[in-house]
Every structure is written in structure tokens, then in C-alpha cells.
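Single-structure report; data block below.
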Amino acid sequence: MSEALIKHFATKLIAWHGKDGRQGLPWQSIRDPYAVWVSEIMLQQTQVATVLERYPRFMKRFPTVKKLATAPLDDVLAEWAGLGYYTRARNLHACAKQVMEEFGGEFPKDPVLLEQLKGIGRSTAGAIAAFAFHERAPILDANVKRILARLFGVDGAIQEKAVNDELWLLAKTLLPKKAPDMPVYTQALMDFGATWCTSRKPICLSGERKCPFAKECQANLTNQILVLPRKVIKEKSPEFNCDMLLLRHGDSVLLQRRSEKAIWGGLWSLPESIWRAKEKSSPATDNAVNLTAKELFKLVLPNEVISSTSKNYYSIERGLDIKHVFTHRRLWMQIWHVSSGSAVKFASKDLKWVPLRQLGQYGLPQPIKLLLQGLSLTRGDDLRN
DNA sequence: AAGCCGGGGAG
DNA sequence: CTCCCAGGCTT
């Protein structure tokens, strides 16, 4: 039965980690709760290689929870730009304020209290409690779900509440008895899932190494390694078109702050039309798109007209067609280059002329950042002609 | 329970 | 291309 496995799991896993776990990741040696917290949030749904680049930068810019709490949100978003899931950055900022105001600047060690903070769910609370405070709190991220579903043959879709509850109970049951083992145990779980018990090419199927749980793993014994954890299939993500205005005057480009509720929430981007269900490309629809671009122009600059004859003239021409893939959507962005003879002033604080060389100070969506970087490289081209 | 939110790497 | 991920929040 699995009784023996339950009893010895933590010990065996820690032994595995000593030999084959990942070593030397910068956040592994850290016990400062603030630093642990930042690493846990940044690592959510984000690749280790990416975090290796961005984590030291973030910590250098915001070395303490107080520095983060008192920084302008725009600075935090700018530092977060390119990492995705920007709600994390806004919650990070809000959580820092919470810690300053409600907890006197010190993170609580109780996972139940941690979970009350913005952006910290049950699993992240467990990770922070384990790493920073040696609390016997379980985690249940995608790695752990996969490991447990395979080892104990947990069938049924993991997004079902009953299955999820079962996995949480397992995670809690398997915790090491000694609190001081919590950091290495928690790290071992993540490492084992990330490097050995992987989703597509687990070590037990490649045959290169011998899994320490091979003789006890239910999925292995019943030849269901690639079937578990089971999940419901999601349908193909819908496709959209939209138009974007690349409005330039001299070395500056017009940026618009995005709504916090929208995708890329709170970031600075180009003025953008509504998203339309993707139409087939044809000369006729090309004209329709052009109309949308002109309406968009009218929305941004209600008192101006696109004309090459007036004194402060505007010209419009079709630019790049950029495809961008989200988790649940695919978007084709049609860029429209508009050049103007003068820099119109805007009353709205969400519209702003920004010199190309200052773009680094703004949080931009990744595809827009790349587009504007390309623009900077070819700076000197006169788009007005 | 299902939808929403990014980005990059693996296969 | 598709699938995956150190999830959490909203509906």
C-alpha cells in the first residue's frame, strides 16, 4: 500500500534533493521574508531563466518592503514590464503597503495571515511560511499537483474541487515532521517536479536516470505517467483584430495609459481601437480597417483631421501587422503610422508625448516595446514624407 | 467551476 | 504549431 510511501516520502525526497536537486538559485539561500515573497510572486507562471535576470534588478531597485510601499505604482509597473500578469505588480505594491500599515513593516509568519495579503494565495502563503519561517505549511503548485497525482494515482480532472481538496490533504499529510526541514523539503518538491517528474518528458520514461519512487508510483505501475494529472481539454483560443495609432511628432510618440481592468492593465501603450473578431483579410476589409483607424484617430484627436493640405498636417500610412498570442486569445495588431506637424497638448493625464529615448522609464506591453525599440533603431527616418 | 491575465521555452 | 508553467482573483 501507499502507507510506506506516505511515511518515508519527505525523507526520500530530501535525500534526492541533496544529490540531484537544483543548487545555487539566488533566492534559495535567502531567508528575508521580503526577499522570499518577491521571489515567490515573480516565479508565479514565470520561467526560472527569466527570473534569474529580473529578480536581482527588482531587489536592487526596491531593496526593502518600505521602499516598495512608498514607490509610485508606475515605477513598480515599469520594473515589472515584460514579466506579464501585471496584476502581480499592482498586488505587490498594494501588499507592501498592507505590510507597512497593518503589520508594522514585518511579514506575518502564519500562513493564514499571509493569505489575507494581496496577491498571496494558499500555495504562495505556504511557500513563504516554509522558506522564511520554517512553518509546516504545504504548497500545491502545478509541480506538486503533478507529482502527487502520479505518485498516488489521483484520477479525475485536477480543477475539480473534490480532486483539489484531495491533493491539498495529501500535501499536508506528506509534510516532514521536523519544522527545520521545511525549506529544503519545499524546494525539493519544486525541483523534483521541474526537473525529473516533468509534464512532457519525465525521467522515468526517458530511462536516463532512476526515479527514487519508481516502485511506488501508481502512475508508473499502471502505465499512466503521461495521462496524469488529468485535465479537461480547453478549446482553441479565439482570434481578434485591432488597430493601433503610432502617432509621432519629432522624436516623441504618443502613449496612452491602459485601464487597470484590461489586458496589460495599467501599462502604457499606443491608442487602440476595440477588438473585433478576426475577419478574413481582403481588399474590402482592408478599407474597413482603415476606417476604424480614422475613427480611432478622431477619438484621440477630436479637433484634428487627417490631411496633407492643412498647416499642421497629419498623414496616415499602414505599418506593421503584429501577431501576439495570449493564454486565451490571439491578437493581430494593425499599426497605423501617423505623423504630425505639431505636438498637440492633451488634457487627459492618460495621454502623453514620450521621447523615444525615455521609453525605458515606462511599463510597456512586450510587443509594443519591441515595436518602439525598432523605431528607436531607425530614428532619423522622416516619417512625414 | 470557469474565465481572465503575459510571456517565453520545450517539444 | 500546441502545451506548459513557483497562481490568484473575479464572476
Side-chain angles (χ1 to χ4, degrees), chain A residues 22 25-28 30 36-55 77 80-92 94-95 114-128 130-131 138-147 156-165 168 171 183 186-195 197-202 205-206 226 229 231-239 258-267 269 275 323-331 363-370:
Chain A
R22 290 181 294 194
L25 296 176
W27 47 87
Q28 287 178 340
I30 288 170
V36 169
W37 166 62
V38 171
S39 78
E40 288 306 322
I41 302 298
M42 195 176 283
L43 282 159
Q44 285 174 2
Q45 307 293 298
T46 305
Q47 218 140 314
V48 167
T50 305
V51 176
L52 278 175
E53 287 180 31
R54 303 294 300 270
Y55 180 69
L77 280 168
W80 201 265
L83 285 169
Y85 285 120
Y86 298 97
T87 298
R88 288 186 297 172
R90 291 193 301 275
N91 281 339
L92 211 55
C95 179
L114 283 168
E115 205 180 331
Q116 292 173 13
L117 295 169
K118 289 275 189 188
I120 299 181
R122 189 171 171 189
S123 187
T124 300
I128 297 171
F131 284 132
I139 60 167
L140 192 65
D141 59 22
N143 283 320
V144 181
K145 285 176 185 170
R146 186 173 55 253
I147 295 169
I158 53 174
Q159 48 270 74
E160 287 173 24
K161 178 168 164 39
V163 178
N164 202 253
D165 288 348
W168 270 111
T186 305
Q187 186 62 51
L189 266 180
M190 293 169 167
D191 288 358
F192 187 66
T195 61
C197 195
T198 62
S199 183
R200 309 260 209 124
K201 226 172 76 174
L205 294 184
S206 74
L226 294 183
K231 51 200 85 167
V232 296
I233 348 95
K234 49 190 178 233
E235 56 187 276
K236 211 172 133 189
S237 54
E239 304 179 315
R258 301 178 62 83
S259 152
E260 291 208 345
K261 306 243 173 177
I263 205 162
W264 292 316
L267 269 60
S269 186
W275 294 16
K323 182 189 177 185
H324 192 72
V325 179
F326 302 98
T327 308
H328 294 97
R329 281 162 172 43
R330 281 170 289 173
L331 175 66
L364 304 170
Q366 195 67 355
I368 303 304
K369 179 183 168 187
L370 293 176

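What you see is a predicted model; the values in this text were computed from it and never measured. Residue numbering restarts at 1 for every chain, and letters A, B, ... go by the order of the sequence lines.
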Output the rounded distance in Å from CD1 (A:Ile41) to P (C:dG7). 10 Å

Has A:Arg122 got a side-chain atom pairing as donor or acceptor with A:Glu115's backbone, closer than 3.5 angstrom? no

Tell me: CZ of A:Phe326 to C1' of C:dC4, nearest whole Å? 18 Å

At under 4.0 Å between heavy atoms, what does A:Gly82 touch on the DNA or RNA strands: base, sugar-phosphate, or nothing? sugar-phosphate

Taking A:Gln44's backbone N and O only, do any of them form a donor-acceptor pair with A:Thr46's side chain (distance below 3.5 Å, no angle check)? yes

Short side-chain to backbone donor-acceptor contact, A:Arg258 and A:Ile263, under 3.5 Å: yes

Under 3.5 Å donor-acceptor, A:Arg54 side chain and A:Met42 backbone: no

Of A:Asn164, A:Val163, A:Ile158, which meets side-chain contact (heavy atoms from CB on, under 4.5 Å) against A:Glu160? A:Val163

Pairwise P distance for B:dG6 and C:dT11, with rounding to whole Å: 16 Å

Between A:Ala162 and A:Tyr85, name the one whose nearest nucleotide on DNA chain B is closer to the 5' end. A:Ala162

Hey, what's the ring geometry for A:Trp264 with A:His324, parallel, tilted or perpendicular (30° and 60° as the breaks)? tilted

For the side chain of A:Arg200, starting at C-beta, report the closest nucleotide among B:dA10, B:dC5, B:dG7. B:dA10

Using a heavy-atom cut-off of 4.0 Å across all strands, would you classify A:Ser123 as base, sugar-phosphate, or nothing? sugar-phosphate

I need the CD-P distance between A:Glu260 and C:dG8, as an integer number of Å. 20 Å

Output yes when a side-chain donor or acceptor of A:Ser123 lies under 3.5 Å from a complementary backbone atom of A:Leu140, and no otherwise. yes

Nearest-Å distance for atom pair CG/P, residues A:Leu77 and B:dC5: 16 Å

Mind checking A:Thr46 for me? I need base, sugar-phosphate or nothing, with any heavy atom below 4.0 Å counting as a touch. base

For B:dA2 and A:His328 - does any side-chain N or O of the residue sit under 4.0 Å from the phosphate oxygens OP1/OP2? no

Between B:dG7, B:dG8, C:dT2, which nucleotide gets closest to the side-chain atoms of A:Thr50? B:dG8

Gap between atoms NZ and P, on A:Lys145 and C:dC3 respectively (whole Å): 19 Å

Ranking C:dC9, B:dG8, C:dG7 by distance to the side chain of A:Asn91, first place goes to C:dC9

Select base, sugar-phosphate, or nothing to describe what A:Lys231 touches, counting heavy atoms under 4.0 Å on all strands. sugar-phosphate

What nucleotide among C:dC5, B:dG7, B:dC5 has an atom nearest to a side-chain atom of A:Arg146? C:dC5

Have a look at A:Trp27 and say if it touches a base, only the backbone sugar-phosphate, or nothing, with a 4.0 Å heavy-atom cut-off. base

Atom NZ of A:Lys261 and atom C1' of C:dC9: how far apart are they, to the nearest Å? 11 Å

Measuring from the side chain of A:Thr327 (C-beta onward, heavy atoms only), which nucleotide among B:dA1, C:dG7, B:dG7 has the closest atom? B:dG7

At under 4.0 Å between heavy atoms, what does A:Ala142 touch on the DNA or RNA strands: base, sugar-phosphate, or nothing? sugar-phosphate

Indicate, with a heavy-atom threshold strictly under 4.0 Å, whether A:Glu53 touches base, sugar-phosphate, or nothing. nothing

5'-most contact on DNA chain C (nearest-nucleotide basis), A:Arg122 vs A:Gln47, goes to A:Gln47

Does A:Trp80 have a side-chain nitrogen or oxygen under 4.0 Å from the phosphate oxygens OP1 or OP2 of B:dG6? no

Write down the distance between CD (A:Gln159) and P (C:dG7), rounded to a whole number of angstrom. 15 Å

If you assign each of A:Pro365 and A:Arg329 to its closest nucleotide in DNA chain B, which residue comes earlier from the 5' end? A:Arg329

Considering every strand and a 4.0 Å limit on heavy-atom distances, what is the contact class for A:Gln366: base, sugar-phosphate, or nothing? sugar-phosphate

By nearest heavy atom, map A:Leu117 and A:Arg330 onto DNA chain C; which one lands nearer the 5' end? A:Arg330

Sticking with atom C1', work out how far B:dC5 lies from C:dC1, rounded to a whole angstrom. 22 Å

A:His324 has an atom NE2; how far is it from atom P of C:dC1, in whole Å? 13 Å

